[in-house]
Structure formats: C-alpha cells, structure tokens
Enquirer: 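Following this message is one structure expressed as structure tokens.
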2 protein chains.
Amino acid sequence: MIKYDICETCECSHKDKVSKAKSEALDDEVIYDLADVFKVFGDSTRIKILYALFNQEMCVGDLVEALDMTQSAISHQLRVLRQNDLVKFRKEGKAVIYSLDDEHVSILLQQGLCHILHKNKYGE
Amino acid sequence: MIKYDICETCECSHKDKVSKAKSEALDDEVIYDLADVFKVFGDSTRIKILYALFNQEMCVGDLVEALDMTQSAISHQLRVLRQNDLVKFRKEGKAVIYSLDDEHVSILLQQGLCHILHKNKYGE
DNA sequence: TGAATATATGAATAAGTGTTCATATATCGG
DNA sequence: CCGATATATGAACACTTATTCATATATTCA
C-alpha cells in the first residue's frame with residue numbers, strides 16, 4: 001500500500017488530516033448502527049409505510065390497502081421496522097395497530113424530505 | 001385480494017384511514033428519491049467517509065489511509081456520494097479534495113447519530 | 001517525452017435484500 | 001371446537017450492491 005505522508009504537489013497537511021480523522025472517528029459499533037438505521041429508511045416500501053404512519057396510526061390491513069401491496073410484503077417490512085425500533089404496535093382484537101416509535105423517526109423523515117426538496121427538482 | 005372496508009372487531013375507521021393515507025401520500029418520485037438518499041447513507045464505508053469529511057475536507061489518499069481501505073473501494077464509494085450530491089470536490093494538482101456538499105448532509109448525519117444515541121446503548 | 005503519483009472505472013464475484021408463495025399462528029363469533 | 005379473519009413467517013428466487021483486481025486517465029516533474 002502506498003503511503004501518502006508527504007506530498008509536495010498540494011498543500012494539504014496529510015499527516016495532520018489523517019491522524020485527526022483517525023482520532024475523531026466514531027466507534028465501529030456506532031458506525032454500523034448508524035448505517036443500519038439509514039439502511040432501514042432506504043427502501044421505498046418502508047418509506048411509504050413510515051410516511052403513512054407519520055400522519056396516523058394504522059393497522060396492517062389498512063396499510064395493505066393504502067399502499068396496494070400484498071399483506072405478506074407489508075408484514076415483512078413491518079417486521080424490519082419493528083426490529084429497528086422505528087415503529088411500535090398494540091393489539092386490538094385481531095388487528096395489530098402500528099405507529100411511529102418516537103419523534104426521532106419523524107424528524108429523520110422530515111430532514112430527508114427537506115434535503116431532497118432543497119434540490120428544487122420538484123417545486124414551482 | 002381481501003378487502004378490509006368493514007371491520008367490526010376493532011374501532012379503527014378503516015375507510016377513513018385508508019383514504020386519508022392515499023390522499024396524503026407523497027408522489028412516487030419523491031418516495032424513490034427519499035429512499036435513495038437514505039440508501040446512500042446506509043453503508044458503513046460511506047458513513048465513515050461522510051463523517052471524516054464532516055470534520056474536514058480531505059483528498060482521496062487521505063481517506064484511503066484514514067479508513068484503512070483500498071483506493072479502489074474508496075473511489076467507488078466517492079462516486080456514489082458524488083452522484084447523489086452528498087459531496088463536492090475540487091482538483092488541486094494531482095489530488096482531488098472532497099468535502100460535504102451542503103449542510104443538509106451534516107444535519108442528516110447528526111440526526112441519525114442523535115437517533116441511535118438516544119437509545120442509550122452507548123452512553124454514560 | 002517518459003516515469004511516477006493520484007484518482008477513476010469496468011468487470012467479476014460474493015453477499016445482501018425485497019417480494020412472492022405457501023403456510024403458520026392468533027383471535028373472535030357461533 | 002370450528003370456521004373466518006388478521007397477521008406473521010420461512011423458503012425460494014430475482015435483483016441489487018460492495019469489494020477486489022486489473023487497468024485507464026490525468027497531472028506533475030525531470
């Protein structure tokens with residue numbers, strides 16, 4: 001592996017930057033958890049579910065009809081959302097009613113929206 | 001496909017909820033763009049790169065050494081970040097120096113961090 | 001121009017992921 | 001208990017994706 005300790009062609013102080021980056025790096029565990037959270041948001045079906053639940057709590061059957069997908073597909077994705085603590089649920093008779101777990105989820109959703117809308121591809 | 005228009009066993013007003021969800025749903029294009037942005041954040045290598053650039057601008061070689069990965073792997077991921085407008089770059093001699101594209105990126109990073117730290121797995 | 005450095009990229013492969021299909025579990029009414 | 005409804009889940013398959021290897025492009029210096 002080539003070393004980049006010295007470089008005369010640009011003024012970046014490589015050693016400084018590299019050691020700064022290394023010392024300030026996040027723990028691997030944090031990195032993986034962070035990537036995992038974003039990974040869960042990174043699927044259109046799950047985004048649709050989360051956005052629907054952002055507006056109101058809904059049972060599985062409602063989501064199936066609202067998103068026009070199979071019950072199995074919705075259920076599988078709800079499991080992913082559950083396992084990552086992005087949604088919570090309660091049982092009411094035969095129905096299982098889902099809602100967003102905490103406000104962090106809606107904040108992330110909103111920030112994501114804000115980010116893409118800022119690129120003014122859609123507006124005006 | 002089974003219809004869930006009427007349900008006597010729980011008090012959720014399904015028709016209302018379903019039609020509300022349908023009418024308030026985001027455009028498909030927005031959904032896919034949103035999922036794509038999160039997808040880009042959803043990889044540990046890219047998170048490491050973004051977090052390093054969150055603290056300071058860096059050239060490719062610096063990132064290679066700081067993250068202890070091959071130049072090719074870093075370069076491929078920088079391309080993904082570039083194509084999704086999460087990083088910008090300038091050339092300086094032979095070096096290409098990368099930095100975060102706008103503050104939306106750091107806000108999303110911070111919100112993600114905030115979300116996982118809030119689950120107090122790591123703290124105190 | 002030629003050698004060396006810095007970065008980018010195409011192809012291939014291995015690992016991961018979302019949906020479907022079939023089936024299982026759970027709850028309620030009769 | 002039995003049938004119907006509501007949800008969950010395992011296996012299989014198609015598709016995507018991250019890394020590696022080899023190589024290409026670009027820039028600087030002699």
Side-chain angles (χ1 to χ4, degrees), chain A residues 1-12 14 17-18 31-32 35-36 38-49 57-84 87 89-98, chain B residues 1-12 14 17-18 31-32 35-36 38-49 57-84 87 89-98:
Chain A
M1 181 92 67
I2 305 160
K3 289 294 173 183
Y4 298 87
D5 289 333
I6 298 164
C7 172
E8 319 80 32
T9 59
C10 77
E11 75 271 20
C12 357
H14 297 260
K17 297 208 171 194
V18 170
I31 291 282
Y32 291 125
D36 282 343
F38 285 120
K39 213 171 290 182
V40 178
F41 279 89
D43 172 77
S44 55
T45 298
R46 290 193 289 266
I47 289 282
K48 286 179 191 174
I49 292 174
E57 63 174 21
M58 292 176 83
C59 71
V60 180
D62 289 348
L63 289 165
V64 168
E65 197 180 343
L67 307 189
D68 195 29
M69 296 184 63
T70 66
Q71 181 267 322
S72 183
I74 296 290
S75 217
H76 276 296
Q77 297 308 335
L78 283 171
R79 184 154 81 107
V80 176
L81 294 171
R82 245 163 38 217
Q83 287 173 332
N84 287 274
V87 300
F89 65 97
R90 68 173 200 279
K91 302 198 69 172
E92 202 161 282
K94 283 173 284 191
V96 179
I97 300 169
Y98 283 86
Chain B
M1 180 92 69
I2 303 161
K3 288 295 177 185
Y4 299 87
D5 289 333
I6 297 166
C7 171
E8 319 80 32
T9 58
C10 78
E11 74 271 22
C12 357
H14 296 260
K17 297 208 170 192
V18 170
I31 291 283
Y32 291 124
D36 282 342
F38 285 120
K39 214 172 290 184
V40 178
F41 280 88
D43 173 78
S44 54
T45 297
R46 290 192 290 265
I47 289 281
K48 286 179 190 173
I49 293 175
E57 63 174 22
M58 293 176 82
C59 72
V60 180
D62 289 348
L63 287 166
V64 168
E65 197 179 344
L67 308 189
D68 194 31
M69 296 184 63
T70 67
Q71 181 267 323
S72 183
I74 296 289
S75 218
H76 277 295
Q77 296 308 333
L78 282 171
R79 184 154 81 108
V80 176
L81 294 171
R82 244 163 38 219
Q83 288 173 331
N84 287 273
V87 299
F89 64 97
R90 68 174 200 278
K91 300 196 70 173
E92 203 160 283
K94 284 172 283 191
V96 180
I97 300 168
Y98 283 85

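Bear in mind the structure is a predicted one, so any value in this text is a computation, not a measurement. Here is how names work: the chains are called A, B, and so on, in the same order as the sequence lines, proteins then strands, and each is numbered from 1.
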Enquirer: Would you find a donor on one side and an acceptor on the other, under 3.5 Å apart, between the side chain of Lys17(B) and the backbone of Asp62(A)?
Expert: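 Answer holds: no.
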Enquirer: Which nucleotide sits closest to the side chain of Ser72(A): dT20(D), dT17(D), dG10(D)?
Expert: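 Of all the options, the side chain of Ser72(A) is nearest to dG10(D).
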Enquirer: From the set dT7(C), dA18(D), dG18(C), return the single nucleotide nearest to any side-chain atom of Gln77(A).
Expert: dG18(C)
Enquirer: For the pair made of CZ in Arg46(A) and C1' in dG18(C), what is the distance, rounded to whole Å?
Expert: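 Arg46(A) atom CZ is separated from dG18(C) atom C1' by 8 Å.
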Enquirer: Look at the side chain of Asn84(B) and the backbone N and O of Val80(B), then say whether any donor-acceptor pair between them is shorter than 3.5 Å.
Expert: yes
Enquirer: Check step by step if side-chain contact (heavy atoms from CB on, under 4.5 Å) holds for Leu78(B) and Leu63(B).
Expert: CA-CA 10 Å; Leu78(B) 282 171; Leu63(B) 287 166; 4.2 Å; yes
Enquirer: Mind checking if Tyr98(B) touches a base, just sugar-phosphate, or nothing, with heavy atoms under 4.0 Å?
Expert: sugar-phosphate
Enquirer: Looking only at atom types and distance, does a side-chain atom of Lys39(A) sit under 3.5 Å from a main-chain N or O of Lys39(B), one as donor and one as acceptor?
Expert: no
Enquirer: Let's see if you can work this out: which of dT7(D), dT7(C), dC28(C) has an atom nearest to the side-chain heavy atoms of Lys94(A)?
Expert: dC28(C)
Enquirer: Considering only side-chain heavy atoms of Thr70(B), which listed nucleotide, dT9(C), dT19(C), dT20(D), is closest?
Expert: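 Output: dT20(D).
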Enquirer: Of all the choices, dT7(C), dT7(D), dT19(C), which nucleotide is nearest to the side chain of Gln71(B) once you look at every atom?
Expert: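 Given the options dT7(C), dT7(D), dT19(C), the side chain of Gln71(B) is closest to dT7(C).
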Enquirer: Of His76(A) and Lys91(A), whose nearest nucleotide on DNA chain C comes first from the 5' end?
Expert: His76(A)
Enquirer: I'd like to know if the side chain of Arg90(B) and the backbone of Ile97(B) have a donor-acceptor N/O pair within less than 3.5 Å.
Expert: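 No, because the side chain of Arg90(B) does not come within donor-acceptor range (under 3.5 Å) of the backbone of Ile97(B).
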Enquirer: For Lys39(A) and for Ala73(B), find the nucleotide of DNA chain C with the closest heavy atom, then tell me which residue's nucleotide is more 5'.
Expert: Ala73(B)
Enquirer: Could you give the CG-to-P distance, from Asn84(B) to dT17(D), as a whole number of Å?
Expert: 11 Å
Enquirer: Respond yes when some side-chain nitrogen or oxygen of Arg79(A) is under 4.0 Å from OP1 or OP2 of dT7(D), and no when none is.
Expert: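 False: Arg79(A) side-chain N/O out of range (4.0 Å or more) of dT7(D) OP1/OP2.
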Enquirer: Could you tell me how far apart Met69(B) (CE) and dA8(C) (C1') are, to the nearest whole angstrom?
Expert: 16 Å
Enquirer: Less than 4.0 angstrom between a side-chain N/O of Arg82(B) and OP1 or OP2 of dT9(C), yes or no?
Expert: yes
Enquirer: Round to a whole Å and report the spacing from CZ of Arg90(B) to P of dA26(D).
Expert: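 For the pair Arg90(B) CZ and dA26(D) P, the rounded distance is 21 Å.
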Enquirer: Rounded to the Å, how far apart are Leu78(B) CG and dT9(C) P?
Expert: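 The distance from CG of Leu78(B) to P of dT9(C) comes to 11 Å, rounded to the nearest Å.
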Enquirer: Write down the distance between CG (Asp43(A)) and P (dT19(C)), rounded to a whole number of angstrom.
Expert: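 Between P of dT19(C) and CG of Asp43(A): 5 Å.
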Enquirer: Rounded to whole Å, please give me the gap between CD1 in Ile74(B) and P in dC21(D).
Expert: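 From Ile74(B) CD1 to dC21(D) P: 15 Å.
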Enquirer: Rounded off to whole Å, could you give me the CD1-to-C1' distance for the Ile47(A) and dG18(C) pair?
Expert: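 It is 15 Å, rounded to the nearest whole Å.
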